[in-house]
Amino acid sequence: MKIGYFPGCSLHSTGREFNESLRLFAPAIGLELEEIKDWNCCGATSAHATNHLLSIALPARSLALAEEQGMSEVLAPCAACYSRLRTASVELRENPSLQKEVSEVLERPIAATAEVRSISEVLSRMTADIRGAVVQPLAGLKLACYYGCLLVRPPKIASFEDSEMPTSLEGIVSACGAEAVHWDRKLDCCGGGMSLSRTGSVIRLGRSIVSDAQKAGAHAIVVACPMCHSNLDFRQRAMLKGQEGEVVPVLYITQIVGLALGLEPEKLGLRRHFVKTAPFIQRITTVPATAQEA
Amino acid sequence: MSTATAIENKSPASAGRFEPRIAAFVCNWCTYTGADLAGTSRVQMMPNVRMVRLPCTGRIDTAFIIKAFERGADGVIVSGCHPGDCHYSEGNYHARRRFAMFKELMNFMGIDERRVTFSWVSASEGRKWGDVVDETIERVRALGPFDDYKTLLEETP
Amino acid sequence: MSHNENTQGLLSELRQQTGQNAARCYQCGKCSAGCPMAQEMSLRPHDIMRAIASGHEQRLFEGDSIWLCLTCETCTARCPNECDPARVIDFLREKALAKNPKKAPRPIRAFHKAFIRQIRTHGRVYEMGLIADYKLSGGALFQDVSAAPGMMARGKLALMPSTIDGIADVRRIVDACLAKSHGDHGEEA
Amino acid sequence: MSRIGVFVCHCGENIARTVDTAAVAQECGKLPGVIHSVDYKYMCSDPGQLMVKQAIAEHKLTGVVVAACSPHMHEKTFRRATAGAGLNPFLCEMANVREHCSWIHESRTAATEKAIDATRMIVEKVKRNAPLSPIHIPVTRRALVIGGGIAGIQAALDIADGGREVVLVEKEPSIGGHMSQLSETFPTLDCSQCILTPRMVEAFQHPRIKLYTYSEVESVDGYIGNFKVTIRKKARSVDEANCNGCGACQAVCPNKKIPSEFDAGLGKRSAIYVPFPQAVPNIPVIDRERCSYFRAKAKGSTKVVCGKCAEACGKGAVHFDQQDTLVTEDVGAIVVATGYRLYDIGKDQDSELLKGYGEYGYGTVPDVIDGMQFERLASASGPTAGKILRPSDGKEPTSVVFLQCIGSRDPSKGIEYCSKICCMYVAKHTMLYKHKVHHGQATVFYMDIRAAGKGYDEFTRRAIEEDGARYVRGRVSRLYRDGEVIKILGFDTLSGEPIEMDADMVVLATAMRPQAGMAELAQKLSVSYDKHGFINEAHPKLRPVETNTAGVFVAGACQSPRDIPDSVAMASATASKILGLLSNEQLEREPTVARVDESTCSACFHCERVCAYGAVEHKDIRDRSGNLVRVVASVNKGVCQGCGTCLATCPSKSLELDGFTDAQIHAAIMAF
Ligand SMILES: Cc1cc2nc3c(=O)[nH]c(=O)nc-3n(C[C@H](O)[C@H](O)[C@H](O)COP(=O)(O)OP(=O)(O)OC[C@H]3O[C@@H](n4cnc5c(N)ncnc54)[C@H](O)[C@@H]3O)c2cc1C
Ligand SMILES: Cc1cc2nc3c(=O)[nH]c(=O)nc-3n(C[C@H](O)[C@H](O)[C@H](O)COP(=O)(O)OP(=O)(O)OC[C@H]3O[C@@H](n4cnc5c(N)ncnc54)[C@H](O)[C@@H]3O)c2cc1C
Ligand code: SF4
Ligand code: SF4
Ligand code: SF4
Ligand code: SF4
Ligand code: SF4
Ligand code: SF4
Ligand code: SF4
Ligand code: SF4
């Protein structure tokens, strides 16, 4: 499957292992990523918290480029980019006068024909391909799939699956042979957008998420958003200060798939995390190969 | 009496301002009763309207309206029950759709659509009936006499 | 507070610009019940809807409540009455910036400003530049500085920003949009 | 040639003050066809009416026009006078020169001119009036009641007690409806079964009530006074005539783990079962989907599997080969009393809109139950013998949380309406809970307390003030299972505090929705229903128990959410309407009905589509040897209400409306 690709800013910096791991295993499942040439930042929270028009116009430029470059679908792995791009596309389609205004600002036509897809949507459409390509089933691993906000909300934008009971990540994880644990905080917000500006709140929110994953016995939290990742990973030490329990590594869904496809943890960027992933990697490799077959 | 002479006879009273002649097609249950209420409440209104009582606006054939114009009306009022209150549950709903189409037909024929008032007057809206009547008369007065039919008749030998 | 305030001003402005009808909110509180920031806000989402509906415009812009919203959309997703508090709050923030930018909490304002400046400069955002810019203009200078070396060590922070080809495009877009809303988060700072 | 008489009334001064009545009479006298024209002080007085009668006789009038007040005032009077003189009453009409003329204008010239015009228009119309006679429809003096809940039972009993036969059709194996499932009832807390069971038995034993249980209405033909109803009696697999209700069959049935519908899934039943011990009739039915015998047969097995019930039955009443049968009944009136069902927060919904409540786990958390399940827990005859025990582990919950307005008042689920009864039954539940679990704490999350009714508000106040129920104003955002307890995330909008609390059990007061299949039933009866599926009444204030189809009535919760007192009141009102209707052997109707010209009808059936009453039928035209030549439209005079909508729609102008024909109206317009 060939699909337009919008990596977004984070995937070149704080979330680079998200990008790297995806690009690494994509060929193995027949996923071809065609990056939008000269894409720009989607504007993230800052644009839409302060200027509605800007929050549509910035993603609209990248979408217009995608259209010009003949793409009918665009994958935006970062949940925040996905949300911004998809919101722009939905609003532009629904509101002709906005479409006109934005097109004037962009100085290029925009029809918003390209469908914006999230990583969970694209990969869950390909679970059969993933299952077929698995060489290292993650049997015995318990994973807490974390959706956060923008992957599933608001329902009008992230309409791909049920906003209160999503299952796509669980489906991907089990295609990899791992067990998805039942936990309660998979839809709670981690405070992503305020990571820098209101750290205290973010730590409070993250703490309840990590504690719940611990309580559910998860060996790792699986995310699909660089903001969620950096919050839960980078700030986990602060979150768990004075708390009991082991740290919980935080992995991108793409890293999980990569591991199941037998790719090297190092190349998948597992070393780049703040919470040590070594014990987790240890678990995979210690599961005897014969047990995996069964 | 030929149609042409009838129009001649019904032409606006010469005394000063133009007095339009208005035909009103109303349903028995809502507007006719509302107009009765206007009477019992002594709501004063202009005398230019001539009323045709029908069971329901659903009964109103658009041919009636054309016929009224042909007969020298300068304006027409069609009025019945409010949507959802039709005595016959849906008659006025069908009527509304029909009149929407009729408006297009009027435009096509070159009849100014402001000559026809579609309104809802319930049995309790005597006052409103007076307003509809007066407003229509004033509007049609401003539009002037309707003589397209006359011209038409003159042109056709 | 006077109860003779005109309730129509903000209510109809909101409606015009976003299609949202704050009078629709029946104050069930479901939004606030699920809001992750409710305990830190002095005006919870349902209070905000109420304040708009009853014309208490001033109250909305007094505290920092509207700036604490994370846009997690929980409120919107669960509202039984098809209201969209998250969108309403966005509208209020935009309006607050246009009215009196100084009222926005400094760190939050500084962050958004720095972020948009990054976009305007490079077309994309580079964390290093963003952090530096934010810390310089935001005040909370030393907080988190310890993170940078760790980030860099993990190869997570690009040192050299590169700029997209269509940067002129992006600048024009940013300027045009900011001009339309008269916000202050553009060039001047 | 017409011979019309015109009678202009002064109404004392009421008309004559503004209208020159003498001039009107004089001008109208000149109209062609008018051979008599007079004015008089009070036309409706005895001498006035006498003038009309004498003129008819003297001048051999063929039509009468009275220019006076509104026809709504005195049309009947003058038509009676006309008939009294031997002329067909429908040849008399009124021109309104009072309400529509003298009372609303000041200028005498203008008013007089208008009065002349108005009278002339009616004269022209009356010239074309045809003698008509009122329509008489014979009446079958029996009624059908669809649905055997409390509303249906009450209606059936009242009609039967009033002396008319009733056919009562219930789709379930027993009558009783939802009320039979309730524990105690607000606002008096009397035992539901205790008041209902005697009524059920009475209905069963009533000599004038014919009961069809486990049956449904298949089709309905005909019109007011003359309905022909086909009823499908579903195969019970038990011979009703032979069975004595001993229960031996149920005792031996090996399939005993089937969730009982009556116990809202909390209890179990066998495959051959009586829904509940007090069922009426007390005759079991085999659930063929669950019975081993039928399952084996459905799979194509030729071996006889099980059959234990038949063996156990001493009366030989179990008949595996019983088939559905169709019976027809003639009735003159129909009552729809099909009641309601509850919104189910499960994930499978019959419309996209109704989906939702993932935040409450879609009903996957076992200790989150609905109001009806709580009723069963609280009921002495229920699965726990009246003990409040939670389903997951049978423990007594010490904290129960009630959530109101679930599904109701929720436009995002497409249900904007308030279900009206849940505020009351939640208050009831908190009381029942407190009476049974003294140390328990009931907490209610509500938006408003809607308790309008005699003793109702007092009742909810008692729950709060005396029985210690904690009422929190706010909706809950989310609930989930956390080990042993259920976590509740709510908000108290009155104190402004977020609330996070644990509960042992949660009860959802879910919305009342119309029964499944209401649209199909409504279409069979050609009655209208709202967008939710509730049956529409003919007029919310003036005709609340009639539908827009003559002869079809409505009672109970199928019209809108309502409680027992309201359902019963409505049922009795319906019964009295029906008794009124059935007190006549014939119905008389105004002859304003549509008529088809069969020679020009092109069978497009536009008329059929616009007729709100289903009055247009298809009629076969056959030649002498009986071959079908063509089909045309035909209006059933018993059903037609005379709105005339079909006429205006007919492209070939093949319809006429008696009393308002095109010719009559065109003549009036041409006299304008
Ligand atoms: C949890 C709960 C508690 C309640 N507590 C109280 C209370 O304390 N006090 C009170 O006053 N009210 C109470 N009510 C309301 C009460 O249940 C209703 O007011 C009452 O049952 C309505 O009666 P009904 O006959 O209109 O409908 P139903 O009881 O629903 O009866 C309808 C009958 O029609 C049958 N039927 C349906 N469709 C067809 C068909 N197509 N053909 C043939 N038969 C059909 C059904 O099987 C059923 O037997 C409560 C309701 C609930 C949900
Ligand atoms: C401000 C207001 C607004 C309302 N608006 C609405 C509305 O919008 N919609 C709605 O549905 N309802 C409305 N209602 C309610 C409505 O008025 C009542 O439901 C309705 O009038 C009740 O009718 P009734 O015949 O029972 O009583 P009443 O209207 O009170 O009639 C009782 C009659 O009995 C006579 N009477 C009393 N005692 C005796 C006696 N001893 N002997 C002989 N005659 C006697 C009285 O003179 C009176 O004529 C409203 C009520 C109020 C107060
Ligand atoms: S959930 Fe919706 S209706 Fe309820 S208080 Fe919030 S905005 Fe208002
Ligand atoms: S979007 Fe904002 S207001 Fe709404 S729940 Fe999230 S943080 Fe609270
Ligand atoms: S007939 Fe009518 S107008 Fe004449 S006196 Fe009687 S009430 Fe008055
Ligand atoms: S055993 Fe026979 S008689 Fe007894 S209840 Fe069953 S079917 Fe009826
Ligand atoms: S045949 Fe067997 S399973 Fe079926 S109802 Fe009879 S006893 Fe039960
Ligand atoms: S009756 Fe009460 S609980 Fe039920 S929908 Fe209405 S307000 Fe809500
Ligand atoms: S609309 Fe007219 S032509 Fe068509 S079926 Fe009816 S009567 Fe016949
Ligand atoms: S007159 Fe009205 S009710 Fe009668 S057949 Fe025509 S549409 Fe139906």
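Everything numeric here is computed off the predicted structure, so don't read it as measured data. Here is the naming used below: chain letters follow the sequence lines, and residue numbers restart at 1 for every chain. For the numbers below, each heavy atom of this structure counts, side chains included, while hydrogens, waters and symmetry mates do not.
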| query | Can you list the residues that meet the ring pair (Phe, Tyr, Trp, His ring centres under 6.0 Å) rule with D/Y529, with sequence neighbours excluded? | reply | none
| Side chain, backbone, both or neither: which part of D/L657 has an atom under 4.5 Å from a heavy atom of chain B? | side chain
| remark: Honestly, the part of B/I22 sitting under 4.5 Å from a heavy atom of chain D is backbone
| field | Listed once per pair and sorted, the salt bridge (Lys or Arg N to Asp or Glu O under 4.0 Å) pairs that draw on residues 136-146 of chain B, sequence neighbours left out | value | B/E19-B/R141, B/E138-B/R141
| said: Less than 4.0 angstrom from a charged side-chain N to a carboxylate O is my criterion; do D/E124 and D/R120 meet it? | reply: no
| remark: Looking only at B/V52, B/T33, B/I60, the option with the highest number of non-hydrogen pairs under 4.5 Å against chain D is B/T33
| Where does B/F25 contact chain D at under 4.5 Å (heavy atoms): side chain, backbone, both or neither? | side chain
| For the student: nearest non-hydrogen atoms of D/C646 and D/C607, plus distance | CB-CB, 3.6 Å
| request: With chain D as the partner chain, list the residues of residues 38-46 of chain B whose heavy atoms fall under 4.5 Å from it, by residue number, and write 'none' if nothing qualifies. | output: B/A38, B/G39, B/T40, B/R42, B/V43, B/Q44, B/M45, B/M46
| Interface moiety of B/N48 toward chain D, non-hydrogen atoms closer than 4.5 Å | neither
| Contact origin within D/H105 toward chain B - heavy atom pairs under 4.5 Å | both
| task | Among the options D/D662, D/I104, D/I665, pick out the one with the most heavy-atom pairs lying under 4.5 Å from chain B. | result | D/I104
| field | Ionic contact status for D/K114 with D/D117, cut-off 4.0 Å | value | no
| Note, D/H72 side chain near D/E99 side chain (heavy atom, < 4.5 Å) | no
| query | Below 4.0 angstrom, N of the basic side chain to O of the carboxylate: do B/R53 and D/E75 qualify? | reply | yes
| request: Please state whether the rings of D/Y417 and D/H532 are parallel, tilted or perpendicular, taking 30° and 60° as the class boundaries. | output: perpendicular
| task | Applying ring pair (Phe, Tyr, Trp, His ring centres under 6.0 Å), name anything that partners D/F660, two or more places apart in sequence or on another chain. | result | none
